[in-house]
Enquirer: 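Here you go, one structure.
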Amino acid sequence: MSVNKDVFAPWRAANEDFESTGAPPPGWEGVDRLPTALVPTHCCFCGVQCAMYLKVLDGTVIGVEPRDYPHNRGSLCPKGIVAYQQASHPDRLTYPLIRRGGKDSPLERASWDEALDYIVRRWQEIQASHGHDAIAVYSGSSMTNEKCYLMGKFARVGLRTRHVDYNGRLCMSSAAVAYARAFGLDRCPLPMPDIALSRCLLIVGSNTAECFPIVMRWIWAARDNGARLIVLDPRQTPVARTADLWLPVRPGTDIAVLNAMLRQIVHDGLIDAQYIADRTVGWDAVREAVEPYTPEVAERIAGVPAERIIAAARLYGQSSPSLILHARGIEHSTHGVNACLACINLALARGQVGKPGGGTTMLTGQGNGQGGREVGQKANQLPGYRHIDVPEDRAYIARIWGIPVEELPGEGAAATEMIGLMADGRIKSCLVICSNLMVSLPENAVVRRALRNLDPLVVMDFFLSETAELADVVLPTAVWCEDEGTTTNLEGRVVKINRAANPPGEARRDWEIICDLARRLGRGQFFPYRSVREIWDEYRLASRGGVADYYGITWEKIEAQQGVFWPCPTLDSPGTPRLFTERFAHPDGRARFIPVVYEPPAEEPGGDFPFRLTTGRVVYHYLSGNQTRRLGFLNSQAPEPWVEIHPHAAARLGIQDGDRVRVRTPRGAMELKALVTATIRPDTLFIPFHYGHAQAVNQLTIPAVEPTVKIPEFKVCAAAIERLEEPPGPATGARENHTPTTAPAMFPYTAGEVHAPAAADREGP
Ligand code: SF4
């Protein structure tokens with residue numbers, strides 16, 4: 001545990017006064033006892049990883065203080081302020097649970113020996129009969145780099161299965177692949193404060209103000225400096241309400257608008273020809289590919305007025321530096337890779353990538369979404385962003401792990417593919433850690449049947465999630481502030497999480513449980529760690545020479561420099577905050593233009609399902625809500641999901657604000673409250689995804705996936721909505737605070753158009 005003594009001193013002195021006099025010192029009246037330590041660490045929630053201090057009294061975390069760091073400058077959002085309340089939460093799991101009488105028997109208290117021996121005996125029986133690959137590991141990216149690294153190694157060396165993947169597959173795997181293909185390296189190219197340098201921000205598919213409140217401080221800084229702001233989104237989200245231009249795109253059609261903007265930039269002579277010639281390859285193919293996307297064609301496909309597309313292209317194309325920020329709105333798509341490539345093509349054509357304040361970047365959602373996809377827990381990856389099919393990469397990692405290279409399994413199933421293998425019996429047991437599949441995967445009725453097919457389903461978690469409720473064995477783990485390690489934030493900055501307390505009851509730290517399981521499997525010699533630092537030092541070696549080279553990142557350097565950006569290949573290197581300033585990571589140093597065309601989503605509206613349903617986050621919750629739904633303040637603000645519907649559509653269907661409605665898709669139906677708001681397109685419905693059981697929107701979503709990275713199409717499927725009950729009184733109309741004055745002009749549609757999308761809407765140019 002690392003303690004900042006300068007900050008801690010006043011608290012300690014006050015407490016000493018308190019204890020010696022029996023009365024609170026001046027200024028502390030009414031306070032029973034004061035914290036005896038402030039532990040510097042980072043928030044456990046989103047990819048920003050804001051720095052904070054945790055207040056500790058007698059080994060218990062009792063509060064939080066903001067902490068100044070280059071990217072959050074002492075700010076925390078509503079989630080960060082209450083994150084500490086998880087540690088002493090009454091719902092914490094404090095001992096192992098086991099189901100002794102089969103699937104329908106209750107979960108009962110067990111000892112660690114009973115639980116772990118049972119798991120290992122079943123795994124050995126299964127593997128003896130069905131081979132190593134009959135067991136899978138489904139991991140998460142909200143854990144530290146050390147834990148994520150350990151999960152990949154445990155699967156491949158402890159269990160010797162090829163089936164290991166993680167929940168980042170559901171998050172932004174499409175962006176990761178697009179960046180790797182275009183730039184040769186998958187990382188945000190610039191530090192967060194660079195946003196303030198930009199003269200024009202183009203935000204694509206990101207509800208930034210709610211999902212990344214602390215990123216907004218840099219967007220405001222850019223705005224204070226005169227930057228223009230363009231937002232492409234089906235909803236007029238809080239950030240869109242402050243934009244110079246909002247492009248209200250139909251869900252799933254962003255590529256048509258992005259290609260049309262690039263075409264307009266070409267026609268206006270706004271490309272950076274010198275940059276294209278000096279630093280890229282493939283421009284001619286992209287220029288030809290975007291030519292059919294006139295503003296009028298894009299308007300027909302995407303529903304964005306042609307003049308707005310032209311205005312956006314000119315605003316963006318005449319500004320430098322300009323920065324594109326994109327997120328799940330375009331990445332959760334069967335065309336997510338191509339949508340990210342369309343953003344990259346725009347930025348490259350304008351010569352922006354590699355400039356301070358310029359280029360394109362993804363806004364990583366999960367706490368360690370960046371690090372979690374580099375350390376080797378992905379189906380096709382080895383540590384350091386090495387590829388599991390490359391012989392040199394396999395040989396290097398086998399040597400680090402001390403196993404013959406032929407023992408290292410090959411590529412396994414993606415997280416979304418595992419469900420099918422569980423359902424048909426090829427995967428017979430799964431270890432789930434830090435993931436809540438029953439809330440986060442699409443079409444969750446199918447997921448439930450697949451999980452029920454496992455024997456055993458083993459879940460490691462600190463709360464009984466909707467997925468843990470189905471487990472045969474539940475192993476209680478530590479929350480983030482009860483362990484230490486590193487995470488890599490959305491900038492690519494590696495930061496240090498410090499321990500502030502011990503796990504409650506019999507709960508154990510995740511890495512200790514994994515090492516114990518390995519020992520019981522007879523593979524303990526490969527997992528001899530006595531501390532997290534030993535795991536970190538092994539990972540530094542494992543990543544050495546890889547694309548994501550962490551070798552030079554010591555914990556001491558992280559503390560001294562306020563984070564270290566990878567790549568950091570040597571102990572002398574300070575790290576690399578800005579990427580691609582001189583060359584890209586492909587062997588020839590050039591970026592790749594990659595042409596993309598618009599293709600419709602997997603499921604289009606029509607017939608009984610006339611709307612496009614899209615899903616997303618709200619500021620008060622994190623991912624599946626397993627943590628934030630238990631935190632009083634956050635849950636009180638957003639205790640249940642709702643469906644947003646435009647007043648035109650609502651009026652036609654007789655729906656008033658607050659009515660109970662049923663939303664249906666070809667996969668199921670759910671009942672919830674309607675929020676009638678003019679901030680959404682009339683042909684679109686929106687439901688937040690943080691809720692479980694009957695409130696889970698993933699009852700409705702489509703299991704279609706992007707063909708290369710297998711990310712699900714969470715952002716669009718066909719849906720219907722109907723009112724369930726008589727309105728309680730006179731029509732209330734749209735909610736005031738969701739009704740921007742510009743909304744009527746943005747949506748010149750009649751209600752009938754919502755039901756009858758033109759055939760052209762479903763076609764390419
Ligand atoms: Fe910062 Fe994200 Fe935590 Fe909010 S949730 S405090 S933005 S890291």
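Order of appearance sets the numbers: ligands from 1, and atoms from 1 within every ligand.
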Enquirer: Identify the closest protein heavy atom to atom 2 (Fe) of ligand 1: which residue and atom is it, and at what distance?
Expert: Cys46 SG, 2.3 Å
Enquirer: Show me which atoms of ligand 1 lie under 4.0 Å from any heavy atom of Gln49.
Expert: 8 (S)
Enquirer: Test Tyr550 against every option in Trp555, Tyr539, Phe565 by the ring-ring contact (aromatic ring centres under 6.0 Å, His included) rule and name the one that passes.
Expert: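 Between Tyr550 and the candidates, ring-ring contact (aromatic ring centres under 6.0 Å, His included) is satisfied uniquely by Tyr539.
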Enquirer: Tell me whether atom 1 (Fe) of ligand 1 has Cys50 as a neighbour, meaning an N, O or S atom of it below 2.8 Å.
Expert: yes
Enquirer: Any donor-acceptor pair under 3.5 Å linking the side-chain atoms of Ser142 with those of Gln366?
Expert: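 Yes.
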Enquirer: How far is atom 4 (Fe) of ligand 1 from its nearest protein heavy atom, and which residue and atom is that?
Expert: Cys77 SG, 2.3 Å
Enquirer: If I take every N, O or S atom of Cys43, is at least one of them less than 2.8 Å from atom 3 (Fe) of ligand 1?
Expert: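 Looking at Cys43, which is the residue asked about, there is an N, O or S atom under 2.8 Å from atom 3 (Fe) of ligand 1.
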Enquirer: For ligand 1, which atoms sit closer than 4.0 Å to a heavy atom of Phe45?
Expert: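 Those of ligand 1 that fall under 4.0 Å from Phe45 are 5 (S).
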Enquirer: For the residue pair Glu640 / Trp642, report whether a side-chain donor-acceptor contact shorter than 3.5 Å exists.
Expert: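 Glu640 and Trp642 do not have a side-chain donor-acceptor pair below 3.5 Å.
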Enquirer: Identify, for atom 7 (S) of ligand 1, the protein heavy atom at the shortest distance, and state residue, atom and that distance.
Expert: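 Nearest protein contact, heavy atoms only, for atom 7 (S) of ligand 1 is Ile214 CG1, 3.4 Å.
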Enquirer: Using a 4.0 Å cutoff against the non-hydrogen atoms of Gly80, which atoms of ligand 1 qualify?
Expert: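 Those of ligand 1 that fall under 4.0 Å from Gly80 are 6 (S).
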Enquirer: Strictly distance-based, threshold 3.5 Å: is any side-chain N or O of Arg223 a donor or acceptor partner for the main-chain N or O of Thr242?
Expert: yes
Enquirer: Could you go through Phe183 and Phe580, starting from their C-alpha distance and side-chain angles, then the distance that decides it, and tell me whether this counts as ring-ring contact (aromatic ring centres under 6.0 Å, His included)?
Expert: CA-CA 8 Å; Phe183 303 141; Phe580 316 136; 5.0 Å; yes
Enquirer: Does any donor atom in the side chain of Ser174 or Glu706 lie under 3.5 Å from an acceptor atom in the other side chain?
Expert: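 No - no donor-acceptor pair under 3.5 Å links their side chains.
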